Every structure is written in structure tokens, then in C-alpha cells.
2 protein chains.
Amino acid sequence: MNRQQSKNTPPHARDGDPLQEFYRCRLQMGLRSSCKRSLVVEYFIEKDRHYTVEELYDEVKRVNPKVSLSTVYRTLKLLSDCGLASECNFGDGVIRFEPVHTSQHHDHLICVECGKIIEFRNDLIEKIQEDVAKKYTFSISSHRMVLYGLCDGCQKKKRRK
Amino acid sequence: MNRQQSKNTPPHARDGDPLQEFYRCRLQMGLRSSCKRSLVVEYFIEKDRHYTVEELYDEVKRVNPKVSLSTVYRTLKLLSDCGLASECNFGDGVIRFEPVHTSQHHDHLICVECGKIIEFRNDLIEKIQEDVAKKYTFSISSHRMVLYGLCDGCQKKKRRK
DNA sequence: GTTGCTGCAAATGATTTGCAAGATA
DNA sequence: TATCTTGCAAATCATTTGCAGCAAC
């Protein structure tokens with residue numbers, strides 16, 4: 001948690017820091033502070049990766065082995081409810097959670113070899129939405145796009161063989 | 001099964017008809033012909049919809065109530081193995097199967113109100129793939145795109161309220 | 001002291017599998 | 001007859017939940 005922000009920022013401050021936001025939600029929802037839940041929340045937000053429940057559990061357990069799988073499930077559910085995490089489904093049968101950045105919408109690029117996940121933005125998507133909306137008389141509100149391929153590193157590895 | 005094709009088309013003929021293709025696979029895999037499996041296969045291919053296992057089961061059961069859920073699961077698995085069905089995951093937690101058309105790749109447009117699913121094609125997607133590939137040094141092999149919104153009918157219904 | 005948090009074990013729900021009986025080649 | 005197909009019940013797997021004990025307020 002490498003932030004400079006003063007500790008006594010009022011809980012209603014929406015400053016874009018997900019942790020602050022979580023504390024705000026926590027108070028608003030009448031939740032208590034607990035070291036296990038905080039560990040999960042802070043770990044998840046700081047690492048800023050696309051975790052499966054199991055992966056997050058495994059890593060958090062290394063820090064505090066007493067954290068249970070239930071707690072990880074419950075905490076991720078909580079974060080989703082607060083709008084600070086969202087489920088990602090890339091169609092591989094595995095559900096992942098990503099921290100919700102207050103920033104803009106993005107899509108995903110996945111390496112089919114090593115599983116690396118990269119977030120990207122591309123404005124042409126809006127053009128596609130327009131085209132399709134016009135053609136089918138839909139009013140489009142959102143989209144999900146995933147590109148699959150080989151990352152730089154994995155391409156190089158393949159070439160060496 | 002409204003086709004004009006001769007019944008004795010050799011099993012190796014790849015004529016693009018999914019049913020013929022299935023019979024070919026069936027022979028190749030040493031499977032037997034059974035009325036229940038055929039019912040599931042033919043119903044699935046003829047209806048050409050995005051079914052969940054349960055939906056397909058419910059409908060097939062109306063035709064032949066003796067078909068079991070296991071058989072539907074097994075048959076859809078079989079069709080996937082033959083490359084004649086593919087799993088669709090639109091991120092709503094429900095897995096659907098769609099018949100694989102020998103035709104070109106497509107993406108999906110989903111009405112968030114009534115659940116209607118439309119397949120579409122848009123060539124701008126290739127441009128996006130190029131852009132993103134260049135930016136992240138990826139070599140992209142495939143993609144999935146889903147647009148969510150309101151279909152024509154549901155927009156009208158909303159307007160009437 | 002009241003109420004939230006936690007781990008555990010049990011429940012759930014979707015899917016898969018073992019097996020014995022029936023069907024097809 | 002040999003082997004595939006099927007329904008059923010049991011197994012599996014990820015996720016959720018009930019509950020009793022512990023912890024925060």
C-alpha cells in the first residue's frame with residue numbers, strides 16, 4: 001500500500017483509490033474491520049491481477065495460512081458488491097476476478113500459451129457497435145471482447161524450437 | 001431434415017450439411033445409430049439455436065420423454081468432439097451450445113431484456129486485431145466479441161411504458 | 001453484550017461417470 | 001455374440017451456507 005494519502009481522509013471521499021473506496025463501503029455497510037478480510041482485499045487490489053479464487057487463496061495463504069477458502073470467496077463477493085471487483089469470464093471455463101479501476105472500460109488480450117492477460121483499449125470498437133446497432137436496430141449498451149494469441153515471449157520461444 | 005441430397009452419399013463426403021457430417025463422424029468413430037441420440041442431434045441441428053443443456057433437454061423430452069439428461073449431455077459432448085457444436089459462454093454464468101456452421105466465423109449480439117441472440121459479422125474486427133497485435137507484439141489467432149443491448153422489440157416495449 | 005467475522009462441515013447445483021440392462025451390428 | 005448406448009444413481013467439482021465460537025464495536 002504505497003500511498004502518500006493522509007490516513008484520515010473522510011470515508012465519503014471518492015478519490016479513486018480502491019482501498020479508500022473499500023473502507024468507505026465497509027463503513028457504509030456496517031461491516032467490521034478484520035485482519036483476514038483486509039489481507040485478502042489489500043492483496044487483491046495491490047497485485048492488480050486477474051485472479052481465480054483458488055489462485056488468490058493459495059497466495060494469501062502463504063501470508064496468513066489461517067485464512068480459509070470461504071473467506072476468500074466471501075471477500076471477493078463483497079468486493080463485487082462494492083463495485084471494486086468484477087468477474088471475468090474468458091470462455092475457458094475458469095472464472096477470474098479483476099479489480100475495477102475507476103478508469104475507463106477495457107478489453108482483454110490473452111496469451112494462449114502462458115496465460116498472460118493484458119488489458120487494452122481500442123476506439124474502433126465504438127464504430128463496430130454503431131454498425132451493428134444500425135444493421136440490427138439494437139441499442140447497444142456494452143460489450144466484451146477477448147483476443148487470443150501468442151505473446152511476444154511465447155512467439156520467441158516457439159521460433160527457437 | 002429438409003434436404004434433397006441422395007441418401008447414399010458416401011460418408012467421407014464433406015458437403016457442408018451438418019447431419020451428413022455427423023453420420024460421417026459416427027461411422028469413423030465406430031458409433032452406433034440410436035434413435036435417442038439421433039433425436040438430440042437432429043433437433044439441435046435443425047433448430048439452429050443457442051441452447052443450454054437444460055433447454056435442449058426440456059424440448060427433446062417433449063418429443064421423446066424417455067431421453068435422459070445424461071444422454072443430452074453425452075450427445076452434446078459428442079457433437080463438440082466432432083466439431084459440430086461449440087460451447088458459447090456469454091459471461092452470464094450459463095453455458096450454451098451452438099451448432100457450428102461450416103460457414104465463416106461470427107460474433108454475438110445479445111438482448112439483455114429478452115435474451116435473444118443474434119450472430120453478426122463485422123470486418124472492422126480484423127483492423128482491431130492488427131492494431132492491438134502491433135501495439136503489444138502479439139500474434140492474434142482468434143477472438144470473441146459479444147455486444148449487449150436492447151433489441152428492436154424490447155426498445156419499443158420500453159418506449160410504450 | 002450485541003452483532004459481525006471465520007472456519008468447518010454440510011448443502012447445493014451443474015456436470016460426469018460407473019454400472020447393469022437393453023439395443024445394434 | 002461383442003460392443004455400443006442408455007438411464008439411474010452415485011461421484012465429482014466449484015461454490016455457498018448454517019452454525020458455533022471468536023472478535024470487534
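Here is how names work: the chains are called A, B, and so on, in the same order as the sequence lines, proteins then strands, and each is numbered from 1. Note that this is a predicted model, so its numbers are computed, not measured.
Across the protein-nucleic acid pair, B:Lys66 atom NZ and D:dC8 atom P stand 10 Å apart, rounded to whole Å. As a whole-Å value, the separation of B:Asn64 CG from D:dT6 P is 11 Å. Whole-Å rounding puts the B:Tyr23 OH to C:dT24 C1' distance at 16 Å. In this structure, CG of B:Leu78 is placed 12 Å from C1' of D:dC4, rounded to the nearest angstrom. Computed from coordinates, the B:Asp81 CG to D:dC4 P distance equals 16 Å when rounded to whole Å. We find that CD of B:Glu87 is positioned 11 Å from C1' of C:dT15, with the value rounded to whole Å. Regarding B:Leu69, its CG atom lies at a distance of 11 Å from the P atom of D:dC8, rounded to whole Å. Taking atom CG on B:Leu31 and atom P on D:dA2, their separation rounds to 21 Å, with Å as the unit.
Across all strands, B:Lys36 comes closer than 4.0 Å only to sugar-phosphate atoms, never to a base (heavy-atom distances). Using a 4.0 Å heavy-atom distance criterion, A:Arg37 is classed as a sugar-phosphate-only contact.
For the pair B:Thr75 and A:Arg26, both in contact range of DNA chain D, the more 5′-proximal nearest nucleotide belongs to B:Thr75. Nearer the 5' end of DNA chain C, as judged by each residue's closest nucleotide, is the contact made by B:Tyr73, out of B:Arg32 and B:Tyr73. For B:Ser70 and B:Ser33, each mapped to the nucleotide of DNA chain C holding its nearest heavy atom, the one lying further toward the 5' end belongs to B:Ser70.
Residue B:Ser34 places no side-chain N or O under 4.0 Å from the OP1 or OP2 atom of D:dC4. Considering only side-chain N and O atoms, B:Ser68 lies nowhere under 4.0 angstrom from the phosphate OP1 or OP2 of D:dC8.
Note that CG of A:Leu147 is 11.0 Å distant from NE2 of A:His108, once rounded to the nearest 0.5 Å. Atoms CZ and CD, from B:Arg49 and B:Glu98 in turn, are 13.0 Å apart once rounded to the nearest 0.5 Å.
Using a 4.0 Å cut-off between charged nitrogen and carboxylate oxygen, B:Lys47 and B:Glu59 do not count as a salt-bridge pair.
At a cut-off of 3.5 angstrom, the base of C:dG4 holds no donor-acceptor pair with the side chain of A:Arg74.
Counted within 6.0 Å of NZ on B:Lys61, heavy atoms from surrounding residues, nucleotides or ligands total more than 12; the atom is thus considered enclosed.
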Practice task
Mind running salt bridge (charged side-chain N to carboxylate O under 4.0 Å, His left out) on B:Asp81 and B:Lys77 for me, showing each step along the way?
Solution key: CA-CA 6 Å; B:Asp81 292 346; B:Lys77 175 99 173 50; 3.4 Å; yes

